[in-house]
Amino acid sequence: MAQARFNEVLTLDREVPEYKSKDFASDQDVRWCPGCGDYTILKQVQNAMPELGIPREQIAFISGIGCSSRFPYYMDTFGMHSIHGRAPAIASGLKVTRPELNVWVITGDGDSLSIGGNHFIHVMRRNLDLNILLFNNEIYGLTKGQYSPTTKEGFVSKSTPMGSVDHPFNPLAVALGADATFVSRAMDRDPKHLNSIILRANQHKGTSLVEIYQNCVVFNDGVFEAYTDKATRPREALYVEHGKPLVFGENDSKGIRLNGLKPEIVDLGEGGVSLDDLWIHDEKDLTKATILARFFDRPSEHVHFPRAFGVLYCVDRPCYEDGVNAQVAHAVSKKSKTLDDLLTGDETWVIK
Amino acid sequence: MAQARFNEVLTLDREVPEYKSKDFASDQDVRWCPGCGDYTILKQVQNAMPELGIPREQIAFISGIGCSSRFPYYMDTFGMHSIHGRAPAIASGLKVTRPELNVWVITGDGDSLSIGGNHFIHVMRRNLDLNILLFNNEIYGLTKGQYSPTTKEGFVSKSTPMGSVDHPFNPLAVALGADATFVSRAMDRDPKHLNSIILRANQHKGTSLVEIYQNCVVFNDGVFEAYTDKATRPREALYVEHGKPLVFGENDSKGIRLNGLKPEIVDLGEGGVSLDDLWIHDEKDLTKATILARFFDRPSEHVHFPRAFGVLYCVDRPCYEDGVNAQVAHAVSKKSKTLDDLLTGDETWVIK
Amino acid sequence: MRLQSQPMSEVTIRFAGDSGDGMQLTGSQFTNTTALMGNDLSTFPDFPAEIRAPAGTVAGVSAFQIHFGSNPIFTPGDEADVLVAMNAAALKANLTNLKNGGLIIANTAGFDKKNLSLAKYDVNPLEDNSLAGHQVIKFDVSKLTSESLKESGLTPKDIDRAKNMFVLGVLYWLYSRPLEPSVQFIEKKFGKKAPEIAAANIKVLNDGYTFGEATEIFTSRFEVKQASIEAGTYRNITGNEATVLGLVAAAEKSGIPLFYGSYPITPASDILHGLAKHKQFNVRTFQAEDEIAAIATTIGAAFGGSLAVTGSSGPGIALKGEAIGLAIMLELPLVVVNVQRGGPSTGLPTKTEQSDLMQAVYGRNGEAPMVVVAAKSPADCFDTAYEACRIALEHMIPVMFLSDGYLGNGSEPWLFPKEADLQSITAKYEPSREEDAEPFKPYRRDAKLARPWAIPGTKGLEHRIGGIEKQNETGNISYDPANHEFMVKLRAEKRDRVADYIPMQDIDNGKDHGKLLFLTWGSTYGSVKTAVHEARLEGYDVSHAHLRYLSPFPKNLEYILKGFDKVVIPELNNGQLVKMIRDQFLIPAEGFNKIKGMPFTVSEVKQKIYELLNK
Amino acid sequence: MRLQSQPMSEVTIRFAGDSGDGMQLTGSQFTNTTALMGNDLSTFPDFPAEIRAPAGTVAGVSAFQIHFGSNPIFTPGDEADVLVAMNAAALKANLTNLKNGGLIIANTAGFDKKNLSLAKYDVNPLEDNSLAGHQVIKFDVSKLTSESLKESGLTPKDIDRAKNMFVLGVLYWLYSRPLEPSVQFIEKKFGKKAPEIAAANIKVLNDGYTFGEATEIFTSRFEVKQASIEAGTYRNITGNEATVLGLVAAAEKSGIPLFYGSYPITPASDILHGLAKHKQFNVRTFQAEDEIAAIATTIGAAFGGSLAVTGSSGPGIALKGEAIGLAIMLELPLVVVNVQRGGPSTGLPTKTEQSDLMQAVYGRNGEAPMVVVAAKSPADCFDTAYEACRIALEHMIPVMFLSDGYLGNGSEPWLFPKEADLQSITAKYEPSREEDAEPFKPYRRDAKLARPWAIPGTKGLEHRIGGIEKQNETGNISYDPANHEFMVKLRAEKRDRVADYIPMQDIDNGKDHGKLLFLTWGSTYGSVKTAVHEARLEGYDVSHAHLRYLSPFPKNLEYILKGFDKVVIPELNNGQLVKMIRDQFLIPAEGFNKIKGMPFTVSEVKQKIYELLNK
Ligand SMILES: Cc1ncc(C[n+]2csc(CCOP(=O)(O)OP(=O)(O)O)c2C)c(N)n1
Ligand SMILES: Cc1ncc(C[n+]2csc(CCOP(=O)(O)OP(=O)(O)O)c2C)c(N)n1
Ligand code: SF4
Ligand code: SF4
Ligand SMILES: [Mg+2]
Ligand SMILES: [Mg+2]
């Protein structure tokens with residue numbers, strides 16, 4: 001009966017139009033600072049949309065609060081700009097009740113890891129089929145420059161005039177600890193790669209986390225320059241691909257090898273080791289993913305590793321909404337009671 | 001000046017009395033269900049107290065809400081039974097402002113990992129010098145038996161009559177993902193071991209997490225029986241100790257070996273492997289700790305591992321409160337302004 | 001039958017024992033049988049705050065009170081006529097609830113040395129003449145039960161567990177009730193799983209009855225005739241169960257699937273438990289990580305087209321304030337259930353109170369008007385929950401539904417409706433549109449000022465909403481000062497306009513003008529109704545009006561209030577509705593307050609009436 | 001000097017330009033110089049909602065208004081006498097803020113084709129006669145600046161950045177102000193790091209001044225004489241800065257170290273930033289993971305003996321409701337700062353409003369009374385924050401301090417006090433006790449009903465507190481019904497008794513009885529004060545009283561209110577204080593409301609006075 005009401009309006013089976021990227025741009029003026037990394041990310045998301053093969057009205061973008069969270073206004077899909085930190089929970093309610101929708105969560109490092117930290121870890125464990133794009137600029141942009149839970153120690157911000165003494169989160173490690181099933185990293189300045197990761201995130205059935213390094217030109221300009229700058233990128237960014245060895249450096253001259261549990265950097269080619277000796281990336285291996293995610297915070301080891309970009313981890317696990325809806329479907333299929341039965345209950349008596 | 005006020009009353013340097021365990025029992029009637037695992041934990045904490053060598057009034061227990069969170073009422077120390085989930089944040093405020101105190105957080109699986117999840121991960125990353133005892137009974141006791149974020153899938157509880165479809169957290173993995181510096185596990189039914197872990201947690205400078213398996217006789221009786229039952233314990237519980245090989249089983253007849261990144265169970269002695277081949281426990285190794293913490297949720301590997309008890313991980317990292325207080329002390333020592341200077345500010349003018 | 005049954009018009013019995021003594025079951029069995037006999041009744045369980053405090057202590061006492069009669073009954077009774085005390089602690093904890101001269105039925109086995117010391121009695125109260133003002137009937141229930149079952153082959157533990165059935169049997173005899181319904185219940189409960197337990201319980205029940213019949217321990221026996229209440233088929237129901245059914249019924253009638261996002265909290269958790277069982281009605285429940293996530297999931301579900309409900313109690317509702325504000329901005333239908341308990345903070349979690357009214361009306365940042373309704377009795381939770389859903393769906397507005405611990409856990413007979421007779425609920429989704437249609441306006445409005453419910457998956461309705469102030473009609477972000485003032489007033493007007501779609505306020509009892517009006521809301525209804533009824537019979541000129549709608553008020557409320565010389569507002573708080581009434585109508589309404597975690601007694605209200613009218 | 005300066009008693013200037021044009025700096029330089037000249041003044045910055053909207057658009061316009069005079073000044077001015085428009089968008093966005101006949105100083109370079117189209121002007125407003133009702137003076141600031149700096153060797157970008165100094169120079173000339181203070185400022189700011197930039201800015205400033213002097217573009221020149229305000233040493237201060245200083249001063253005076261736990265939110269973040277800079281005063285700031293953690297840390301700090309303060313704005317305060325309830329139960333000193341903004345929900349985050357009063361007074365579960373005070377002007381934030389701390393510490397009670405975006409960001413001259421003259425704050429910790437002393441009673445009370453502050457580390461004071469209802473004196477958990485009622489009333493009485501320790505309400509202006517009283521709270525003070533002052537000069541019988549204490553009210557408030565035929569309550573909300581006044585005193589007080597994210601103008605209030613007194 002309830003389903004019937006939906007059917008009065010839903011157009012779920014309609015043919016998918018031939019979309020162009022601009023079909024996903026809303027009529028609202030985009031309002032980020034000139035040069036903000038958010039622009040490229042918006043562009044790549046809009047570019048990815050036609051490839052999903054989903055009618056526009058079946059897509060929803062839910063965000064919290066922050067510069068990045070303005071995102072839904074710019075997408076010509078359904079959208080909600082909600083309150084600070086709560087987007088994953090709102091999206092969960094939407095997805096549980098409307099599993100056929102394609103739901104995206106847009107969030108910032110403060111939104112998802114500070115005030116929204118609890119919802120963030122719980123959505124990971126529940127593994128609802130959502131795509132979460134986490135715009136990490138290591139700063140609170142909208143409130144004008146306080147340090148965030150991803151800001152490096154020592155950073156001088158408005159709220160830390162003598163430098164931050166707060167140890168930052170490693171967002172991907174937090175997600176893995178909370179049993180995330182899809183964990184990836186990309187950056188605003190490598191649009192092609194970003195685009196491919198967005199599409200892979202969408203393919204994954206389960207909660208897909210894409211951490212996107214995003215430059216805040218105003219309050220934290222250049223914090224990811226080592227990875228985005230063409231000169232330093234080869235030695236600082238390690239692009240990982242399932243089944244491929246971990247190579248990086250100018251002309252892929254370097255590689256990563258596992259020595260027991262310890263990763264080490266090796267030179268390839270003459271005098272060095274061969275590709276066959278290298279760590280082969282395996283998206284399904286939680287231990288490897290954990291090591292990869294933590295490449296940059298192993299200070300005790302005094303080794304400077306490149307930062308990993310790409311899909312670090314991707315495994316299948318049942319989605320929460322499927323469990324819920326299977327139970328409901330099962331109960332509905334076995335339905336033996338009418339509403340009148342329910343109102344009547346087990347024991348009644350008659351007054352005459 | 002401010003410090004002076006504290007000094008009017010504080011008795012920080014007084015001699016430590018020769019305490020007995022019962023000196024830490026308050027005059028309040030203990031009110032848990034008969035047979036509840038909370039009783040043994042209370043006892044072990046009271047037993048551990050005299051060994052800390054700290055005057056009673058310098059110790060504070062802060063809890064949230066839940067059966068377990070009634071704990072502070074039973075300790076003859078300073079105590080606060082606060083609100084649901086917030087104990088780590090309250091304790092953080094206390095510790096930052098009063099670093100000389102010995103501060104304990106008492107929490108349940110619901111309190112710390114459901115409503116309190118955000119404070120839980122943030123206290124881990126900040127690494128304040130607190131001892132957190134997490135009473136995990138895999139259920140909401142106080143509210144009479146709903147499933148919790150640590151309850152196994154399929155569990156039938158008051159709120160999941162058809163079985164839970166929620167994937168549970170692995171509390172130690174969550175903590176490691178959030179950059180915890182001390183992660184350990186114990187159980188109500190092995191009081192001696194529990195006592196030793198409590199003492200080690202106290203020794204660690206930084207946030208020490210002790211997950212304690214606690215039996216809820218009313219709503220989840222026997223959920224940890226495999227580890228607490230004398231008959232099954234040898235093969236199901238793996239007690240780890242720094243620098244020692246991982247052995248378990250009747251007469252320590254089995255061991256764990258690492259094959260690359262993969263742990264495997266081996267038989268020891270004749271025909272089997274020798275102790276020297278085994279994985280040597282290393283508290284300082286994050287990768288190893290992560291593998292150990294996850295022994296029981298590697299379903300894809302179809303191997304049944306024993307569960308690890310003891311200190312899985314323990315490393316040093318600066319404590320948040322020390323960073324804050326160092327900055328304050330530095331600023332105070334360089335103090336050049338009086339309050340009048342501050343009120344006057346940089347630019348003034350005179351009206352006559 | 002040696003004794004002739006004496007007719008009585010109403011009786012209150014209080015069953016009290018250790019948490020392990022099965023008093024809740026005994027009480028509910030007595031309730032069922034009483035209901036089947038056609039009495040009107042009202043019950044209230046009184047749980048200990050601890051899950052299971054140590055056996056034998058006062059903290060571990062669990063009680064159940066039933067008030068039944070041949071007259072209409074609106075409260076579980078001020079004081080008990082009969083107190084069943086299974087042990088010393090039960091007597092100690094409940095003696096104040098017994099009438100002067102009331103009957104105590106005591107299990108002497110529960111007054112042994114150990115029990116006396118656990119209850120902190122120096123002397124056995126059954127023997128030191130301290131109960132002289134009461135009738136005391138004592139016997140060793142434990143021993144009689146084990147006698148009864150000595151051949152049963154059951155373990156001593158199982159035998160001891162059956163002792164509540166002995167007491168039940170005795171009381172059935174005392175009040176001339178049949179055993180049949182309880183026999184059936186026992187068979188259904190244990191028959192298959194444990195036939196020997198079933199047989200034993202039935203035997204003990206019978207033996208208890210026979211004990212009453214055979215011994216001369218009782219000097220009188222009573223009968224309470226069928227009540228002359230409205231004809232029809234009844235069932236017994238608690239407020240939380242009625243809330244569950246009200247929500248499911250609203251979903252079924254409106255054709256909108258129900259979603260309930262909640263985080264457990266006493267005394268609201270049973271709504272979550274109840275709804276989780278009704279998946280066959282396409283109900284989805286979500287036990288969220290906290291109260292904020294709970295309401296956030298409902299906002300997502302409402303956006304997706306569900307009848308979205310979140311429920312909690314005071315402290316949990318406090319946490320939802322910010323998100324309620326969002327729902328008010330989004331203008332989505334949403335029901336927030338607050339089963340109130342004693343506050344502030346953790347307060348008295350297992351006790352009842354009406355102290356969250358101000359929080360409901362004002363507890364958010366900014367000008368954030370929402371509709372507030374409250375139930376007056378356990379069964380009324382059905383109608384009020386249903387009405388909350390109707391208003392939310394038809395007006396596209398968040399509604400707070402106030403219940404409380406006393407309503408939620410208390411029970412009463414319910415003349416339940418048929419689906420066909422339920423008021424219809426008109427909820428509709430915005431239909432799809434073609435590409436070339438006029439641009440869709442998500443904040444366009446109808447006569448109720450409701451905006452269209454445009455759900456994802458509907459072609460042509462793509463739109464974006466959020467918590468920043470929005471332009472009317474388009475819903476776009478707007479920082480325009482004039483628009484903001486317009487929208488603030490519009491949201492207030494939209495809430496106020498609900499008054500056009502609800503019934504006028506009526507007088508529950510008495511004239512529509514006169515010297516004194518008692519104006520109630522929520523669970524104070526029952527005691528005030530009874531008190532006013534009785535006072536009127538005694539010739540006092542007092543009237544009673546009861547408010548279901550607290551925000552907005554019914555349109556004629558001012559007219560009614562101004563018909564009385566004095567308006568008194570009894571509340572289980574320090575004076576909240578009274579503030580709203582004084583502010584809005586500028587009349588010197590007076591508060592009459594009790595903040596003891598329990599309802600007014602009828603006699604407290606009557607006392608107040610005497611005081612006010614006799615001076 | 002060709003032109004003689006004409007005396008003026010007051011002037012309002014509005015500087016408007018693109019976010020990148022440096023208008024905030026220009027405004028604050030003009031402010032400083034004006035202050036040093038001894039004028040009274042009031043300022044208000046008007047930021048765009050976006051961090052940096054695209055250059056040249058209306059959304060990207062940033063403005064700064066200053067109102068100064070030789071009379072006492074209480075508002076930043078209704079409408080500007082002079083509007084500086086650095087580009088077309090600035091004109092578009094700010095024209096409504098200009099008086100009829102006001103002066104526009106326009107930078108013609110900002111009205112080129114690109115700027116016109118970004119501002120969505122079809123025709124250049126400087127040329128189409130649409131500004132006929134105003135005086136327009138236009139020149140190419142950009143070109144004049146680059147002329148001025150053509151030899152400087154600076155990059156074109158750096159040269160363009162200096163153009164605000166040209167405008168500042170022109171205005172200094174126009175209002176006969178000295179250049180010296182700004183020259184010093186520039187030297188201090190750039191002197192060491194970038195001497196060439198300093199030199200350039202000083203040159204442009206001088207050239208702007210000379211431009212005013214040399215050209216005939218202006219037909220008049222003005223002078224505003226020193227104000228006859230209280231003698232003493234002044235500084236300029238914003239409300240948020242004053243709050244910071246008030247908190248630090250309270251900590252220093254009481255000898256209790258300050259702890260501030262907060263989560264950033266507009267417009268409260270500057271308090272966090274400000275306090276973070278004052279570590280040398282033993283101040284600890286904690287940027288928490290969310291608002292709940294922020295208040296939780298302060299509760300921990302208060303338990304440990306700190307002067308614990310948390311601050312936020314509306315939505316963040318909503319999240320703190322549950323924890324405020326805990327603090328009320330714990331009876332610890334705590335100050336909660338709410339720098340209010342437009343609501344509900346995210347609302348209008350960069351705009352001002354007074355709509356969180358009800359939330360402050362009632363926004364928690366249960367009966368949870370707290371003290372509420374509000375500041376009336378930027379400088380008054382110092383006194384009110386200080387007073388909030390005093391009450392919290394002396395009464396061991398949570399206090400809500402209400403400020404708002406207008407106060408927080410606005411500034412005014414402040415006759416700052418000396419430490420020695422600040423009211424003393426008596427806060428003391430409970431002393432240690434010996435083992436054999438009487439058991440310590442953490443809920444023992446003094447005449448204020450305050451309990452002892454027993455901090456960890458003090459021998460013999462071990463005790464446990466929590467959110468469950470507690471027995472008076474012992475603080476042990478108590479489920480006793482009578483105790484609960486006693487404690488609920490006691491907590492209310494404790495709050496009410498604060499009224500014994502605060503000043504009586506006074507009349508700010510006018511007689512203490514009469515036809516009409518304007519009763520204000522918070523930031524409406526300035527415009528109402530000015531309006532009432534002016535209306536009284538015009539012969540109207542109107543009085544003005546301003547409330548700092550909102551809960552409890554001063555004890556004589558009723559007496560004052562009852563002296564007037566009519567009481568009108570102007571608020572930047574939909575009517576909140578008016579509800580409390582009507583409820584409490586049963587007088588037909590009327591609301592006068594504006595909900596446009598900005599303060600009342602003086603003329604709006606005067607209009608209201610005319611309306612009320614002329615009919
Ligand atoms: C309840 C609440 N608290 C605080 C804020 C203020 N606030 C808005 S966005 C934000 C943080 C933004 O940082 P991030 O999530 O990293 O997003 P960014 O602006 O950097 O994209 C804060 C603290 C708010 N809007 N609501
Ligand atoms: C804000 C709030 N929400 C909900 C509750 C109800 N509540 C009390 S304890 C609890 C969970 C208890 O579970 P856990 O933390 O595992 O402790 P246990 O009782 O099992 O020791 C809940 C949901 C509350 N007191 N406050
Ligand atoms: S403040 Fe930073 S993150 Fe925000 S819009 Fe500007 S550049 Fe982007
Ligand atoms: S309910 Fe469970 S956890 Fe709570 S006291 Fe009883 S046995 Fe212990
Ligand atoms: Mg950010
Ligand atoms: Mg638990």
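Not measured: the values here are computed from a predicted model. In the text below, chain A, chain B and the rest are named by the order of the sequence lines, each starting its count at 1.
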How long is the straight-line distance from [atom2] of [Y] back to [atom1] of [X], given to the nearest 0.5 Å?
{"X": "C/Q359", "Y": "D/Q359", "atom1": "CD", "atom2": "CD", "value": "10.5 Å"}
{"X": "C/R582", "Y": "D/L586", "atom1": "CZ", "atom2": "CG", "value": "4.0 Å"}
{"X": "D/I317", "Y": "C/E322", "atom1": "CD1", "atom2": "CD", "value": "11.5 Å"}
{"X": "C/T346", "Y": "D/E469", "atom1": "OG1", "atom2": "CD", "value": "11.0 Å"}
{"X": "D/D583", "Y": "C/Q576", "atom1": "CG", "atom2": "CD", "value": "11.0 Å"}
{"X": "C/K596", "Y": "D/N483", "atom1": "NZ", "atom2": "CG", "value": "11.0 Å"}

Which heavy-atom pair separates [X] from [Y] by the least distance, and what is that distance?
{"X": "C/E485", "Y": "D/N593", "answer": "OE1-O, 4.4 Å"}
{"X": "C/G343", "Y": "D/V488", "answer": "O-CG2, 4.4 Å"}
{"X": "C/N365", "Y": "D/A318", "answer": "OD1-CB, 4.0 Å"}
{"X": "C/I595", "Y": "D/H484", "answer": "O-CD2, 3.1 Å"}
{"X": "C/P344", "Y": "D/A368", "answer": "CB-CB, 3.8 Å"}
{"X": "D/E367", "Y": "C/N573", "answer": "OE2-CB, 3.3 Å"}

Please classify the contact of [X] with chain D as side chain, backbone, both or neither, using a heavy-atom distance under 4.5 Å.
{"X": "C/A492", "result": "side chain"}
{"X": "C/R341", "result": "neither"}
{"X": "C/S313", "result": "neither"}

*Would you say the side chain of D/P481 lies within less than 4.5 Å of the side chain of C/M598, judging by non-hydrogen atoms?*
yes
